[in-house]
J.: 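Could you have a look at this structure, given as structure tokens, before my questions?
Because only heavy atoms are used, hydrogens play no part in the values below, and waters and symmetry mates are left out as well, while side chains stay in.
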Amino acid sequence: MASRMYGVVIMLLVMGLAIAVAAPLATAAIAAAEGQQALDAAQEQLRADQGVLDLRSAEHGQGSDMAPLDGEWEFYRGKLLEPGDPQLGGADRRMIKVPASWSAASDHGLLETGHGHGTYRLLLRIPPDEVGTSRGLFIRSIGSAYRIWIDGAEYAGLGTVGADDRDESPQSHINLIYFQPGQEQVELLLQVSNYSFREGGIRREMLYGSIEALTPFIVKELLYDIFIIGGFLFIGVYHLVICAIRKRDPATLFLGLVTVAVAARTLLLNGYLSKLLLGIDSWELLVKLEYVAELTAFILLVLLMKHLYPREAHRTMLYLSYLTAGGLGLYVLTQPADTFTSTLLPQTAIKAAILLYFVFYVGIRAMLRQREGARINLVALLVLTVAIVNDTFYYMGWANTVETTNYAVVLFLLAQTVIVAYRYSLLSARNDALVGELAEVNLGLEEKVRARTEDLRSKNEQLAESKSIRTKMLVHIAHDLASPVVGIRRYVQLMAEGKQGTGHPSMMAKLAAQLAYIERLIQDLFELSKLESGELPFHLERVAADALLAEIRRRFEPELEQENYVLHMNIELNGEDGQATVTVDRFRILQALQNYVGNAVKFSRGISEKLTINGRIRRDANGRPALVIEVEDYGRGIPAAELPQVFLRFYKNREGNEQGSGLGLTIVQEIARRHGGDVGVSSGEDGSVFYLALPLDTP
């Protein structure tokens, strides 16, 4: 439950983050769009023609008091002219479109390549009420150095203009120039050189307007970049913190690093903010850092895709991506800016091809395999790829569009944030399920441990009892063996001293009796041991109840007659009982009954010469139908207090049992147990009844 609540909190934080980032971006974008619409409207009405822009005939920006200085400017190729130069307006005067790269904007091939230098000139005619008021000139980007004069007065340009790459010092960022027009016609004169970038000239629009209109417009544009940078950094740091908490989620790490790299690239693209915040004034360094940040974001994006969809991303393409990023990075760092910027098209084509692989191949495979967030990721990657291609064409002057990468990156990163949060929610749900399963397993394990502990305790008790029994048995064995051994040693000693002859009949009889007792004790111990360990083989067979009782009669009747005993057989089997069968080892059953019959003869001698064997079907102590065989004597009974002990080892307290081993009845009990039956005894003053119950076979 706790992990599920944590997942909900994470989702709420992500939604709040998305709103916090998207809201200012949307506001800034709307403001920029409104400003752009106003400029577009003004541009449709006002365009420079033959080097002259007349602002007196219409409002600049439909209430915005701003006007773009687009259209045809005068251009003097290969000349760096200053105000008052007699060549101005002369035969070298050509027309060039602004804004545009001078190699692409010239209708007459003024500059065939992006490198070169020249002079721009525009005559700006303003309304009379603007004369003497504070005006401003907003310059976005001129590559890659320029000087500027307004009505003959020089204002701060950027970089150092040169006639070749040795004299030029490039610099590029926005510039706002304040001035007061002294007359209705204002002359703008710009010296421009470019030996450091792929494209030169006035590549972005210039704006003229009041300070009250230009300042908010510029602030909005700067705030837009600041919001982009801050939003990306916030998202990146958030995911890096999440990664620090959840150390086993590399996708979160790479998403955070991608976002930070995009924030760094956005900052480096804005030369004004880079100089203001980072203190970097070198244009060459800024361009290198911006390209490195872009390559870093590219390879981190590849790594993110690898960890989001490891089974869909082919290893060969991953290695190709690493080599591409490494090679391009080395190329950017070792070559001058004009060299690596001139190959922007093939660089972009290579990176776009790799991204398209991850968009279409990896993305579609992941979607078909129903990976988590694959559909959202595919759409976001497709939008991002299209935006990158669009911006490449835009910067190269091949498409008259607007920058879209920042918007696409915001969309992509928010999509990744949602995907990661969704995966974490699923992980939390799985963790909850695993916790529940683990709790059930623990309960089962506790029950098993309890049962095993109880079983172990029982076995320990049985072992302790077994040890106690074995100890008692050893004591009994030692005691029972000691007497005959002492007697034998005494008789042998008498014979050795000559006090007793070796052929004396009574002595020999005593020795034979003692040795017979030892032999019987050893044999009974050996047989009992094999019975208890299961080593004594039993040959079981299915025998009819009446046939087994008939065999018992044949076995014991002659033997008892030799002992002058009369055997009575009471068989209580009806026709149905006579068909009952038992599965027994007949030899072992006769062995058990031999013990019963022998004891009956021993303990009734001199009292009675009758012995009875009963056979009947009845239920045993467990309620099962059984064949019960009873041996009944009419001699001395067993005291009631001793009845529970008669089947214990070495029990021989009954009078006349001095020469018994005390193991016979224990052997009978083990034989019954091996047959699944039981034994018992009842006794009174008129004799004792020992029974053996054998379970009947089921039909």
J.: For Leu696 and Val582, what are the C-alpha separation, side-chain angles and deciding distance, and is it a side chain to side chain contact (heavy atoms under 4.5 Å, CB included)?
T.: CA-CA 5 Å; Leu696 296 181; Val582 289; 3.7 Å; yes

J.: For Thr316, which residues count as a side chain to side chain donor-acceptor pair (under 3.5 Å) partner, sequence neighbours excluded?
T.: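 Per chain and number, Thr316 pairs via side chain to side chain donor-acceptor pair (under 3.5 Å) with His314.
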
J.: Would you name the heavy atoms of Ile354 and Ser321 that are closest together and state the gap between them?
T.: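 Closest approach of Ile354 to Ser321: CG2-OG, 3.3 Å.
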
J.: Out of curiosity, Leu573 CG to Leu627 CG, how far, rounded to the nearest 0.5 Å?
T.: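 One gets 7.0 Å once the value is rounded to the nearest 0.5 Å.
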
J.: Can Glu572 and Arg618 be counted as an ion pair, charged N to O under 4.0 angstrom?
T.: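 So Glu572 does not pair with Arg618 through a salt bridge.
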
J.: So which heavy atom on Leu694 is nearest to which on His675, and how close?
T.: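 Nearest pair, atom of Leu694 first, then His675: CD2-CB, 4.0 Å.
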
J.: Taking side chain to side chain donor-acceptor pair (under 3.5 Å) as the definition, give me every residue that meets it alongside Glu437, ordered by chain and number, with sequence neighbours left out.
T.: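 Testing Glu437 for side chain to side chain donor-acceptor pair (under 3.5 Å), a comparison that skips the adjacent residues, returns none.
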
J.: What I want to check is whether the side chains of Thr581 and Arg542 have a donor and an acceptor closer together than 3.5 Å.
T.: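 Looking only at side-chain atoms, Arg542 and Thr581 do form a donor-acceptor pair, the distance falling under 3.5 Å.
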
J.: For Arg586 and Val543, run side chain to side chain contact (heavy atoms under 4.5 Å, CB included): C-alpha distance rounded to whole Å, both residues' side-chain angles, the deciding distance at 0.1 Å, then the answer.
T.: CA-CA 9 Å; Arg586 291 185 294 178; Val543 181; 3.8 Å; yes

J.: Taking the six-membered ring of Phe538, is the NZ or CZ of Arg674 close enough (under 6.0 Å from the centre) and on axis enough (within 45°)?
T.: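 Flagged: Arg674 positioned over aromatic ring of Phe538.
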
J.: Between Glu551 and Arg555, is there a salt bridge with N-O shorter than 4.0 Å?
T.: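 A salt bridge is absent here (no side-chain N lies under 4.0 Å from a carboxylate O).
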
J.: Could you list the residues that satisfy side chain to side chain donor-acceptor pair (under 3.5 Å) with Arg553, not counting sequence neighbours?
T.: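 Checked Arg553 against side chain to side chain donor-acceptor pair (under 3.5 Å); zero matches.
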
J.: Roughly how far, to the nearest 0.5 Å, is CD of Glu563 from CZ of Phe556?
T.: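 Here the rounded value is 12.5 Å.
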
J.: Please indicate whether Asn570 has more than 12 foreign heavy atoms, meaning atoms of other residues, nucleotides or ligands, lying under 6.0 Å from its CG.
T.: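 Atom CG in Asn570 is crowded, with more than 12 foreign heavy atoms closer than 6.0 Å.
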
J.: Say whether, by atom type as modelled, one donor and one acceptor occur between the side chain of Ser688 and the main chain of Ser683 under 3.5 angstrom.
T.: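 No; zero donor-acceptor contacts below 3.5 Å.
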
J.: Is it true that Tyr565 and Ser608 share a donor-acceptor pair across their side chains at a distance under 3.5 Å?
T.: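 Absent: no donor and acceptor within the cut-off.
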
J.: Taking atom CD as the centre, does Glu541 end up with more than 12 heavy-atom neighbours from other residues, nucleotides or ligands that are less than 6.0 angstrom away?
T.: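 Atom CD in Glu541 is crowded, with more than 12 foreign heavy atoms closer than 6.0 Å.
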
J.: If every non-hydrogen atom of Tyr634 is compared with every non-hydrogen atom of Lys610, which pair is closest and at what distance?
T.: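 In this case the closest contact between Tyr634 and Lys610 is CD1-O, 3.2 Å.
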
J.: Is there a side-chain contact between Val679 and Phe690 in this structure, where contact means two heavy atoms from C-beta onward sitting under 4.5 Å apart?
T.: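 No, too far: nothing below the 4.5 Å cut-off.
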
J.: Search all heavy atoms of Leu540 against all heavy atoms of Thr583 and return the closest pair with its distance.
T.: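 Heavy atoms only, the tightest pair is CB-CG2, 3.9 Å.
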
J.: So which heavy atom on Cys243 is nearest to which on Thr252, and how close?
T.: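 For Cys243 versus Thr252, the nearest heavy atoms are N-CG2, 3.9 Å.
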
J.: Taking NZ, NE, NH1 and NH2 as the nitrogens, is one of them in Arg365 or Glu312 under 4.0 Å from a carboxylate oxygen of the other?
T.: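 No.
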
J.: Would the number of heavy atoms belonging to other residues, nucleotides or ligands and lying under 6.0 Å from CD of Glu609 be above 12?
T.: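 It does not: Glu609 CD has 12 such atoms or fewer within range.
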
J.: For Ser682 and Tyr691, does a side-chain donor sit closer than 3.5 Å to a side-chain acceptor?
T.: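 Side-chain D/A pair, Ser682 to Tyr691: absent.
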
J.: For His539, is there any backbone N or O sitting under 3.5 Å from a side-chain donor or acceptor partner on Asp585?
T.: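 Yes: the side chain of Asp585 pairs with the backbone of His539.
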
J.: Between His307 and Phe254, is the ring centroid distance below 6.0 Å?
T.: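 Here the rings of Phe254 and His307 have centres that are less than 6.0 Å from each other.
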
